[in-house]
Amino acid sequence: MADIKITFPDGAVKPFANGSTTADVAKSISISLAKKAVAGKFNGELVDYEAPLTEDGKIEIVTKDTPEGLTVLRHTASQVLANALHQLYPEMHFGQGEASDDGFSFDTDNADHQVSSDDLPAIEAKMKEIVKANLPISREVLAEADALKLVDGDPYQTQLVKQAAAANDGQVAVYRQGDFVDLSDGVQMPSTGDVKIFKLLSVAGAYWEGKSSNPMLQRVYGTAFFNQKDMDADDVRRKEARERDHRVIGNDLDLFFVDPKVGAGLPYWMPNGATIRRTIERYIIDKEIQHGYEHVYTPVLMNLDAYKTSGHWEHYREDMFPPMDMGDGEMLELRPMNCPSHIQIYKHHIRSYRELPLRIAELGMMHRYEKSGALSGLQRVREMTLNDGHTFVAPDQIQDEFKRILNLMVEVYADFDIKDYSFRLSYRDPKNTEKYFANDEMWEKAQKMLKGAMDDLGLDYVEAEGEAAFYGPKLDVQTKTALGNEETLSTIQLDFMLPDRFDLHYVGADGEEHQPVMIHRGLVSTMERFTAYLTEMYKGAFPTWLAPHQVSIIPVSEEHQGDYAEKLRKQLAAAGVRVTVDDRNEKMNFKIRDAQTHKIPYTLVVGDKEKQDDTVSVRRYGHDESTSEASKDFLSDVLNDIASYSREN
RNA sequence: GCCGACUUAGCUCAGUUGGUCAGAGCACCGCUCUAGUAAAGCGGGGGUCGGAGGUUCGAAUCCUCUAGUCGGCACCA
């Protein structure tokens with residue numbers, strides 16, 4: 001057989017015997033590379049390390065230190081987990097395994113004994129046996145009929161075989177490790193012995209195929225690494241994520257609480273949390289007004305008919321609080337969103353094209369009956385206040401307005417020092433269009449318009465089908481919570497539907513009536529979610545302008561310098577600084593420690609020396625040393641710090 | 001909503017196979033010490049062990065139901 005030509009990433013081309021493997025190629029380059037290699041990437045496709053290459057192509061060696069290498073390892077770990085489960089529970093039905101950014105998982109269904117976290121040690125022990133046995137892993141391709149025989153009536157596997165066969169000319173790939181054979185579409189390590197560093201983490205339910213109408217399987221989660229150092233670092237990362245969790249910090253810093261006896265998902269803002277929220281609220285209102293928004297207040301209760309007209313009742317009835325029957329035929333609804341309210345504002349006057357874009361904004365309190373399992377701290381609640389805004393534009397103003405909103409958003413993010421986010425264009429699901437407002441032309445046009453605007457601005461984004469609102473496509477800004485869950489922070493949504501349903505119009509230059517387009521937009525999400533987000537981002541160490549307590553004054557001796565401390569407090573407070581004197585009957589060290597654990601940006605220690613010179617000894621949060629400053633200078637420093645949204649904390 | 005685990009003082013947690021097991025630290029209150037950059041000392045108050053049933057001579061501990069929390073899944077206008 002003729003040699004095949006292998007092209008390397010640097011462009012070099014070398015002949016290899018037909019049927020050579022990635023391993024052969026790697027070894028030909030260097031022994032050290034072969035040691036690090038776990039798989040190949042041949043013509044852009046991940047291939048097994050020992051898979052024969054039978055045509056010309058470009059190769060990349062996938063090594064242990066790449067994300068792809070880690071995925072290969074975790075795929076293998078997932079298969080080892082499946083093997084262990086199979087040995088421990090022969091009757092168990094198997095769903096799918098997965099490798100993720102975080103680790104790996106495998107789904108199972110066992111009628112007699114559902115796997116629970118108590119079983120993890122035994123499963124892990126069995127996995128260790130399999131790893132120790134160092135079983136070679138090989139890929140085999142079977143005909144559909146043989147694959148079906150192999151899975152022996154397992155309902156989930158049978159379905160997977162059929163799907164795989166349908167997608168691949170009746171061929172189904174399986175991986176064998178010892179006697180255990182399993183379906184897998186992922187490239188794997190050469191041997192079970194390669195899965196040296198791993199552990200199981202948790203068990204949780206997961207719907208088969210991700211559909212809530214399907215049965216629920218038990219998903220075992222674990223993680224795996226190539227070396228102990230990375231595993232240890234991952235442990236630390238998980239631990240730090242928990243410390244960053246806004247629910248933990250919210251409790252430690254006394255920001256908010258939720259009392260299940262009073263109502264799940266109904267948060268109470270303690271003074272500290274309320275101060276942060278108030279600061280955010282004042283900031284965003286001022287910012288929006290500067291940018292041409294008109295801020296309004298509208299009722300939290302509204303006639304149910306408005307939500308029937310908007311379509312929300314039809315789409316979200318289950319997630320709304322039940323309407324109040326007032327007894328005389330009137331039905332009042334706790335509003336789940338603010339659009340109809342702002343539409344009322346729009347409709348209150350005859351609108352001229354000269355008024356457009358008309359920007360209506362509100363910190364609108366809304367209530368949604370979120371499913372109990374969805375509730376989480378301040379991130380998912382049943383009463384929330386949304387930084388909401390609706391701009392009403394003429395059709396030819398859409399793109400400009402979209403860009404304006406985006407610019408405003410970027411400005412706001414900069415003020416909060418938010419850097420870690422990504423854009424997602426959310427389209428309707430083309431396979432499931434009945435969920436959405438029925439107007440194909442509108443969807444096509446609107447989606448194209450959003451994409452065009454993003455491309456014009458040169459911004460990177462991912463496109464997500466099925467993530468649109470029922471009335472239109474949107475641009476979402478995605479961030480991550482401390483625990484790594486994705487959440488939407490900002491959103492800009494195009495809406496051609498509500499203006500039609502509510503019969504909105506404006507008088508054009510031609511004297512005729514025209515229909516406006518609505519753009520729904522939220523910059524900083526709800527006060528609840530945004531506060532949670534900031535708490536996690538800053539790890540509770542809020543920058544001075546947001547910190548509930550900005551300055552703590554500690555007299556060395558209350559008796560001797562108490563009057564000076566109080567004089568300083570008055571000066572600072574009069575300038576608008578949130579300042580307290582710590583006059584408790586405690587030692588100075590205790591109070592300094594207390595100020596630090598409460599993450600107060602500035603601690604001022606004042607003793608006889610400071611009193612005499614009218615100075616302060618300043619210690620910033622997180623710093624070990626202190627500096628001496630004239631009290632006047634300190635005041636101007638703090639004020640400057642606040643005014644500039646300084647991020648030093 | 002679904003699967004699983006969990007729920008003991010304001011907070012974080014101990015409580016072995018049901019039998020002085022109702023505890024600790026922090027916080028809180030009181031007293032003493034008047035402090036120079038991350039916890040002074042002593043003393044005190046505080047919980048019908050999430051709730052409701054049940055088993056038992058006896059339940060924080062076992063069973064059932066229920067609420068909530070957590071981890072996921074689904075949902076997220």
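Just so you know, these numbers use all the heavy atoms, side chains as well, and skip hydrogens, waters and symmetry mates.
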Gap in Å between the two C1' atoms, one belonging to B/A74 and one to B/C65, rounded: 26 Å
Of A/Asn251 and A/Met588, whose nearest nucleotide on RNA chain B comes first from the 5' end? A/Asn251
Indicate whether the side chain of A/Ser552 and that of A/Asp582 have a donor and an acceptor atom separated by less than 3.5 Å. no
Between A/Arg428 and A/Glu465 (salt bridge meaning N to carboxylate O under 4.0 Å), is one present in this structure? no
Verify whether the ring centers belonging to A/Tyr346 and A/Phe502 lie closer than 6.0 Å. no
Does a salt bridge link A/Asp234 with A/Arg237, judged by any charged N lying under 4.0 Å from a carboxylate O? yes
Parallel, tilted or perpendicular for A/Phe94 and A/Phe106, by the 30°/60° rule? perpendicular
Is A/Glu467 paired with A/Arg424 through a side-chain N to carboxylate O contact shorter than 4.0 Å? yes
For atom C1', what is the distance between B/A59 and B/G72, given to the nearest Å? 33 Å
Please verify the inter-ring angle class for A/His367 with A/Phe321; under 30° counts as parallel, over 60° as perpendicular, anything in between as tilted. perpendicular
B/A24 to B/G4 separation - P atoms, rounded to the nearest Å: 37 Å
Could you tell me whether the side chain of A/Asn585 has a donor or acceptor atom within less than 3.5 Å of a complementary atom in the base of B/U32? yes
Rounded distance in Å - CD (A/Gln612) to P (B/G36): 18 Å
Using the C1' atom on both, measure B/C13 against B/U32 and round to a whole Å. 31 Å
Which part of the nucleic acid does A/Asp118 contact within heavy-atom distance under 4.0 Å: base, sugar-phosphate only, or nothing? nothing
Charged N to carboxylate O under 4.0 angstrom, A/Arg244 versus A/Glu536? no
Whole-Å distance between B/A35 P and A/Ile592 CD1? 15 Å
Whole angstrom value for the distance that separates C1' of B/A38 from CZ of A/Arg619: 6 Å
Separation between the C1' atoms of B/G43 and B/U20, rounded to whole Å: 25 Å
Using a distance-only test with no angle check, is there a side-chain donor-acceptor pair under 3.5 angstrom linking A/His113 and A/Asp119? yes
Taking CD from A/Glu559 and P from B/C33, how many angstroms apart are they, rounded to a whole number? 11 Å
With sugar-phosphate taken as primed atoms, P, OP1 and OP2 and all else as base, the protein-contact string of nucleotides 41-50 of chain B at under 4.0 Å (heavy atoms; B, S, -) is ----------
Sugar-phosphate atoms are those with a prime plus P, OP1 and OP2; base atoms are the rest. Using that split, label each nucleotide of nucleotides 66-77 of chain B B, S or - for protein heavy atoms under 4.0 Å, 5' to 3'. --SSSBBBBBBB
When rounded to the nearest Å, what value does the distance between P atoms of B/U64 and B/U7 take? 16 Å
Please measure how far the C1' atom in B/G54 lies from the corresponding atom in B/G18, and state the result in whole Å. 15 Å
For A/Asp641 and A/Tyr602, which I'm curious about, is there any donor-acceptor pair between the side chains at under 3.5 Å? yes
d(NZ, A/Lys599; P, B/A38) in whole Å: 17 Å
Nearest-Å distance for atom pair CD/P, residues A/Glu625 and B/A38: 11 Å
So, for A/His312 and A/Phe470, is the gap between ring centers shorter than 6.0 Å? yes
Start at the 5' end of RNA chain B and walk down; is the nucleotide closest to A/Gln218 or to A/Val618 reached first? A/Gln218
Could you check how far CG of A/Asp582 sits from C1' of B/A39, rounded to whole Å? 13 Å
Report yes or no: is the cationic atom of A/Arg359 (NZ for Lys, CZ for Arg) closer than 6.0 Å to the six-membered ring centre of A/Phe392, at no more than 45° off its axis? no
Can you list every stem that RNA chain B is part of, counting only runs of 3 or more consecutive Watson-Crick or G-U wobble pairs with both distances under 3.5 Å? B:1-7 with B:67-73, B:10-13 with B:23-26, B:28-32 with B:40-44, B:50-54 with B:62-66
Separation of B/C2 atom P from A/Gln114 atom CD, nearest Å, is 15 Å
Sticking with atom P, work out how far B/G1 lies from B/C42, rounded to a whole angstrom. 50 Å
Taking the six-membered ring for Trp, are A/Phe257 and A/Tyr268 closer than 6.0 Å centroid to centroid? yes
